[in-house]
Amino acid sequence: MLNMLDAYWEALRGEALIPARAEIDPRGIETALPHAFILEQIAPGLARFRIAGSHLIALMGMDLRGMPASALMVPPARDGLAVVLRQVFEGPSKARLTLQGPDSMNGAALAARMILLPLRDEADACSRVLGCIATAGPIGKAPLRFNVLAHEVTQLVAGPRSRPLRPSRPMPGLAERQTPFAPRGRDRHDESDTARLRPGPRPYLRVVDSETE
């Protein structure tokens, strides 16, 4: 599943440094949708869920809209995740993580893998990540949080005809207003995210709530 998503992302970017968020077509990743998510950078090393598939919601036992990506990790692993996220956004780079959860129903530790693939936003800045998490075996009782056993970060290189990225740091007059992790109301950006990642009447992903600009 992670390899499929990686191949789809690579095909989209071609010679570009990274593909655009608007290029993601749910029909191309339909089998991965329950396991997929989109993160939005909110500060260096920090990101929140804009969209999360049903498998992630089952792992956590709650709606992940607006929650930090670190909510998936046990506290000792959160600093390590922050380092990886910073590399992904600022590289930009793509990353794979090997995770270990608590003991599952059969007594063995739940194994999981995660991939993080950077995306350009409407301003051509690297502020989004397309990700996927796959687990092996029954997930047991939620919420489940993971430790990071290993990670691999790959620096990305653009082709000769690619266009450069703009800085991803918020700029006066152009920055989106950030909201607390507790969701409040929908904005038009979130409605757009939903339309792009819902292939049919049955919803696979959920939308992050944020304040109107």
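Just so it is clear, the values below take in all heavy atoms, side chains as well, and ignore hydrogens, waters and symmetry mates.
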Minimum heavy-atom distance [X]-[Y], with the two atoms named:
X	Y	answer
Ala69	Leu85	CB-CD1, 4.3 Å
Asp25	Tyr8	N-OH, 2.8 Å
Ala36	Leu56	O-CD1, 4.2 Å
Met60	Ala71	CE-O, 3.3 Å
Leu110	Pro138	CD1-O, 3.6 Å
Phe146	Ala77	O-CB, 4.0 Å

Below 4.5 Å, heavy atoms only, C-beta onward: do [X] and [Y] meet side chain to side chain?
X	Y	result
Gln87	Val153	yes
Leu119	Cys126	no
Val148	Thr98	no
Met73	Arg145	no
Gln41	Leu39	no
Asn3	Arg96	yes
Ile115	Trp9	no
Leu130	Pro118	no

**OP:** Among Arg48, Arg65, Arg21, find the one that has a salt bridge (charged side-chain N to carboxylate O under 4.0 Å, His left out) with Glu40.
**Re:**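 When salt bridge (charged side-chain N to carboxylate O under 4.0 Å, His left out) is applied between Glu40 and each of Arg48, Arg65, Arg21, only Arg48 qualifies.
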**OP:** Under the side chain to side chain contact (heavy atoms under 4.5 Å, CB included) rule, what do Leu12 and Glu23 come out as? Steps first, then yes or no, please.
**Re:** CA-CA 7 Å; Leu12 281 182; Glu23 295 179 90; 4.3 Å; yes
Common cluster, [X]/[Y], ILVMFWY with side-chain heavy-atom separation under 4.5 Å:
X	Y	result
Phe89	Val83	no
Ile133	Met1	no
Val74	Leu59	no

**OP:** Enter the distance from Leu17:CG to Glu15:CD here, rounded to the nearest 0.5 Å.
**Re:**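 Nearest 0.5 Å value for the CG-CD distance: 12.0 Å.
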**OP:** Drop me the distance from Leu2's CG to Cys132's SG, to the nearest 0.5 angstrom.
**Re:**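 Rounded to the nearest 0.5 Å, the CG-SG separation comes out at 5.0 Å.
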Original post:
Checking side chain to side chain contact (heavy atoms under 4.5 Å, CB included) for the pair Ile29/Ile24: CA distance, chi angles, key distance, verdict?
Top reply: CA-CA 9 Å; Ile29 57 172; Ile24 303 297; 4.2 Å; yes
Original post:
Are Leu97 and Leu81 close enough, and set up right, to give a side chain to side chain contact (heavy atoms under 4.5 Å, CB included), and what steps lead you there?
Top reply: CA-CA 9 Å; Leu97 295 86; Leu81 177 65; 4.2 Å; yes
Subject >> Presence of salt bridge, Glu152 and Lys94, under 4.0 angstrom >> reply: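 Answer for the salt bridge query: no.
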Original post:
So does Arg113 have more than 12 non-hydrogen atoms from other groups sitting under 6.0 Å from CZ?
Top reply: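 At most 12 heavy atoms, drawn from other residues, nucleotides or ligands, come within 6.0 Å of this atom.
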**OP:** Please state whether the rings of Phe37 and Phe49 are parallel, tilted or perpendicular, taking 30° and 60° as the class boundaries.
**Re:**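 Correct class here is perpendicular.
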**OP:** Could you walk me through whether Ser93 and Thr154 pass the side chain to side chain contact (heavy atoms under 4.5 Å, CB included) test, one step at a time?
**Re:** CA-CA 5 Å; Ser93 305; Thr154 303; 5.8 Å; no
**OP:** Apply the test side-chain hydrogen bond (donor to acceptor under 3.5 Å, both in side chains) to residues His55 and Thr135: give CA-CA distance (whole Å), side-chain angles for both, the deciding distance (0.1 Å), then the verdict.
**Re:** CA-CA 9 Å; His55 183 67; Thr135 57; 3.0 Å; yes
